[in-house]
Amino acid sequence: DARGEKCRFCQDKDVDQRYYDAYFELDWGYEWACPEFEAKDCSGSEVPYDLEKICNSATCSQDATNRALARLQDRVSQVFDPSATYIAYEATIGPSNDVDWPSIVAYGDCNSC
C-alpha cells in the first residue's frame, strides 16, 4: 500500500553534496505477506526509492534545487500518483493484481517489523 511518497532534503556530512531522498511508506503483513503469522501488521515501513543529487557544494542555487526536486517528483509520480483514487488499504487483504495499481519491489522481515 503506497499511501504517499515523501521527499527529504539531505546533506552528506563527509562530502559537500546536497540531494533529495525519496522513499515510500508501505504497510504490509498478515497472511499475504507474512504467512507464518496470523495477524502481523507491519505499518509505516520506509522503503528507499530514489536519490537526486542537487549540487556538490555547501550551498546550492534555488534553481538547481527546484530542478532536482522536479526530476525526482517526476520519477516518483510514475510509480504513485497521490491525486489518483485507489482502493482503501485493508491490512488483511493482499495487494491488487490490477496492473494499474502502484507497486514497487520491497523486502521485509516479518520478525522485526
Side-chain angles (χ1 to χ4, degrees):
D1 173 43
R3 282 190 254 165
E5 86 287 348
K6 297 180 183 178
C7 293
R8 299 182 286 200
F9 175 77
C10 308
Q11 182 172 3
D12 191 320
K13 294 176 184 169
D14 299 326
V15 196
D16 280 338
Q17 185 176 82
R18 292 173 179 248
Y19 57 91
Y20 280 106
D21 171 20
Y23 64 95
F24 286 97
E25 274 188 18
L26 303 178
D27 292 343
W28 52 281
Y30 287 85
E31 290 181 14
W32 60 270
C34 295
E36 66 274 15
F37 296 95
E38 287 184 25
K40 184 77 168 189
D41 185 17
C42 302
S43 299
S45 301
E46 288 186 8
V47 178
Y49 179 68
D50 205 350
L51 286 173
E52 178 65 40
K53 185 175 76 169
I54 300 171
C55 67
N56 286 327
S57 67
T59 57
C60 301
S61 72
Q62 189 62 47
D63 191 42
T65 301
N66 292 343
R67 281 193 315 267
L69 182 57
R71 285 190 303 266
L72 184 60
Q73 287 174 329
D74 182 55
R75 290 194 305 270
V76 167
S77 70
Q78 292 175 22
V79 174
F80 180 76
D81 178 4
S83 66
T85 303
Y86 299 109
I87 299 169
Y89 173 68
E90 170 55 50
T92 59
I93 299 173
S96 170
N97 290 326
D98 182 350
V99 295
D100 293 325
W101 189 263
S103 64
I104 60 173
V105 175
Y107 297 93
D109 181 358
C110 296
N111 292 314
S112 63
C113 68

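Heavy atoms only: backbone and side chains are in, while hydrogens, waters and symmetry mates are out. Sequential numbering from 1 along the given sequence is applied to the chain's residues. Fair warning: this is a prediction, and the values are worked out from it, not measured in the lab.
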K.L.:
Write down the atom of Asp27, the atom of Ser43, and the distance for their closest heavy-atom approach.
P.N.:
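Residues Asp27 and Ser43, closest heavy atoms: OD1-CA, 3.2 Å.
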
K.L.:
For the cysteine pair Cys42/Cys34, does the gap between the two SG atoms stay under 2.5 Å?
P.N.:
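Unbridged: Cys34 and Cys42.
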
K.L.:
Counting C-beta onward and ignoring hydrogens, is there a side-chain heavy-atom pair between Tyr20 and Ile54 closer than 4.5 Å?
P.N.:
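Heavy-atom side-chain distance check passes, below 4.5 Å.
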
K.L.:
Test side chain to side chain contact (heavy atoms under 4.5 Å, CB included) on Phe37 and Asn111 and set out the steps.
P.N.:
CA-CA 9 Å; Phe37 296 95; Asn111 292 314; 3.1 Å; yes

K.L.:
For Asp63, what residues pass the side chain to side chain donor-acceptor pair (under 3.5 Å) criterion, not counting sequence neighbours?
P.N.:
Arg67

K.L.:
What do you reckon, are the aromatic ring centroids of Phe24 and Tyr49 less than 6.0 Å apart?
P.N.:
yes

K.L.:
Tell me, with the steps shown, if Cys110 and Trp28 meet side chain to side chain contact (heavy atoms under 4.5 Å, CB included).
P.N.:
CA-CA 9 Å; Cys110 296; Trp28 52 281; 3.6 Å; yes

K.L.:
Output the distance between atom CD (Gln73) and atom CD (Gln78), rounded to the nearest 0.5 Å.
P.N.:
12.5 Å

K.L.:
Grab the two heavy atoms, one from Leu51 and one from Arg75, that are nearest each other, plus how far apart they are.
P.N.:
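Smallest interatomic distance, heavy atoms only, reads O-NH2, 3.3 Å.
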
K.L.:
OH/Tyr19 to CD/Glu52 distance, rounded to the nearest 0.5 angstrom?
P.N.:
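The CD atom of Glu52 is 13.0 Å from OH of Tyr19, to the nearest 0.5 Å.
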
K.L.:
List the residues meeting side chain to side chain contact (heavy atoms under 4.5 Å, CB included) with Ser77, not counting sequence neighbours, and say none if there are none.
P.N.:
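Here the qualifying residues are Asp74.
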
K.L.:
Once you round to the nearest 0.5 Å, how far does CH2 of Trp32 lie from OG1 of Thr92?
P.N.:
10.0 Å

